[in-house]
Amino acid sequence: GDKASNVSFLGTLFLRLINMPLILLIMCAVMEAVGSLSMKELGKIGVQTIALFAMTSAAGGIFGLILGNVIQPGAGLDMSMFEYDASMTIADNGGLTDQILNYFSNNIFNSMSSGDNLKCVIASILLGVALSIYGSKREDGKNPVLAAIKEVNKVVMTYVSIVIQALPVAIFSFVATGIGIVGSQLFMALIKLVGANALGMILMTSIFGTLTALFCGVNPAKIFGKLTETALVAFVSASSAVTLPTKLDCAKKKLGVSPRIANFVCPMGMSMNCDGALLFFTLSCLMVAQAFGITVTTGDQVNYVLFST
């Protein structure tokens, strides 16, 4: 009730603090990764990386749909206290050309202030390409702009690692507020949601890790063993940004990944290949629809996967 809602500001404060540098973090990481590669490397590695990202992202969304339909975390929730207007319709976003134009920003500062991640990522890729060309044309072979971006990235990462320490308090705030509003009914639904999400993560990690091991001709157990540190950091922090330094270190030193590949793929994957987040997105969409009794067609579910990818 009212007492539980008194702690809701802690969760809100945490979200504001963690979201504050998010756009800057994404843009700096992408510009650093792209700007550190030559145009030839960028073309070959970029196409392969984006194609792989698209496949694994779609897989994450599909896993979320399967688990959401099987476990049904939102079924049985009484949401009558919340208003829902069934007559609401989705605005027409225009044709294919309009959709393509919507991927590009006409003012990067507006996109940053509005939190439009996709436009910021695309702008960062283009700026990273410009950084790469700029560095290749300098006679001294140095790129002071890229060096400055790397330093800014380090500062932002340090800030994130500090704020993430408050994660347990934020979780308590969210759970207490939710239970205070809807009661234990919501708590049980959250357990089902978290359980389904965890199961999906385990399945995806097992499948992707095994396929990677088979492709590289190594023992799958060795890959999972060498990624234990990264997995623990990700589990404790619940943040891909905080996990990035550990992931880079494990990729280069423990798995033997080429530094130029790791420095490009890992930061890009942090913002563009969040398979777990996409799994949670589709799973959450189904949970909300189930809770409010909204009929979700097969076409709607396909759109969930396409949008999340």
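What you see is a predicted model; the values in this text were computed from it and never measured.
- Taking each heavy atom of T210 and F224 in turn, the nearest pair found is N-CZ, 4.0 Å.
- S57 places no side-chain N or O within donor-acceptor distance of the main-chain N or O of A54, the cut-off being under 3.5 Å.
- The shortest heavy-atom contact between T282 and G60 is OG1-O, 4.3 Å.
- The shortest non-hydrogen separation linking L65 to Q301 is CD1-O, 3.3 Å.
- For R138, the salt bridge (Lys or Arg N to Asp or Glu O under 4.0 Å) partners are D140, not counting sequence neighbours.
- Both I207 and L279 sit in one connected hydrophobic cluster of ILVMFWY residues. Membership requires side-chain heavy atoms under 4.5 Å apart, directly or through other members.
- Rounding to the nearest 0.5 angstrom, the gap separating the OG atom in S132 from the CG atom in L127 is 12.5 Å.
- Hydrophobic clustering of Ile, Leu, Val, Met, Phe, Trp and Tyr side chains at less than 4.5 Å, counting indirect connections, unites V129 with V121.
- Side chains of M201 and N197 form a contact here, defined as non-hydrogen atoms less than 4.5 Å apart.
- Hydrophobic clustering (side-chain heavy atoms under 4.5 Å, transitive across Ile, Leu, Val, Met, Phe, Trp, Tyr) keeps L24 apart from V155.
- T228 places a side-chain N or O within donor-acceptor distance of the main-chain N or O of G225, the cut-off being under 3.5 Å.
- Residues M204 and F63 approach most closely at CG-CD1, 3.3 Å, considering heavy atoms.
- In terms of heavy-atom proximity, L283 sits nearest to G64 at CD1-O, 3.6 Å.
- Considering all non-hydrogen atoms of both residues, M31 and S124 come closest at CG-O, 3.4 Å.
- By the rule that hydrophobic residues join a cluster once side-chain heavy atoms approach within less than 4.5 Å of another member, I125 and I133 end up as members of one cluster.
- Remark: the backbone N or O of G46 is not paired with any side-chain donor or acceptor of T49 at under 3.5 angstrom.
- Here the NZ atom belonging to K150 is positioned 4.0 Å from the OG atom belonging to S36, to the nearest 0.5 angstrom.
- Although no hydrogens or angles enter the test, the distance criterion places a donor-acceptor pair under 3.5 Å between the side chain of T56 and the main chain of F53.
- Annotation: the span from I23 atom CD1 to M112 atom CE amounts to 7.0 Å, rounded to 0.5 Å.
- Atom CE of M55 sits about 12.0 Å away from atom CD1 of I50, to the nearest 0.5 Å.
- Here the CG-CG distance, from L67 to N69, works out to 9.5 Å after rounding to the nearest 0.5 Å.
- In the model, D300 has a side-chain atom that pairs as donor or acceptor with a side-chain atom of T297 under 3.5 Å.
- The hydrophobic cluster containing L146 does not contain V34, counting ILVMFWY residues as joined when their side-chain heavy atoms lie under 4.5 angstrom apart, directly or transitively.
- Atom CZ of residue F280 and atom CG of residue D275 lie 15.5 Å apart, to the nearest 0.5 angstrom.
- The shortest distance between side-chain heavy atoms of S111 and F104 does not fall below 4.5 Å.
- Contact of the C120 side chain with the I108 side chain is registered, since non-hydrogen atoms from C-beta on lie closer than 4.5 Å.
- For the pair N143 (side chain) and L131 (backbone), a donor-acceptor distance under 3.5 Å is present.
- Under the salt bridge (Lys or Arg N to Asp or Glu O under 4.0 Å) criterion, K254 pairs with E229, sequence neighbours left out.
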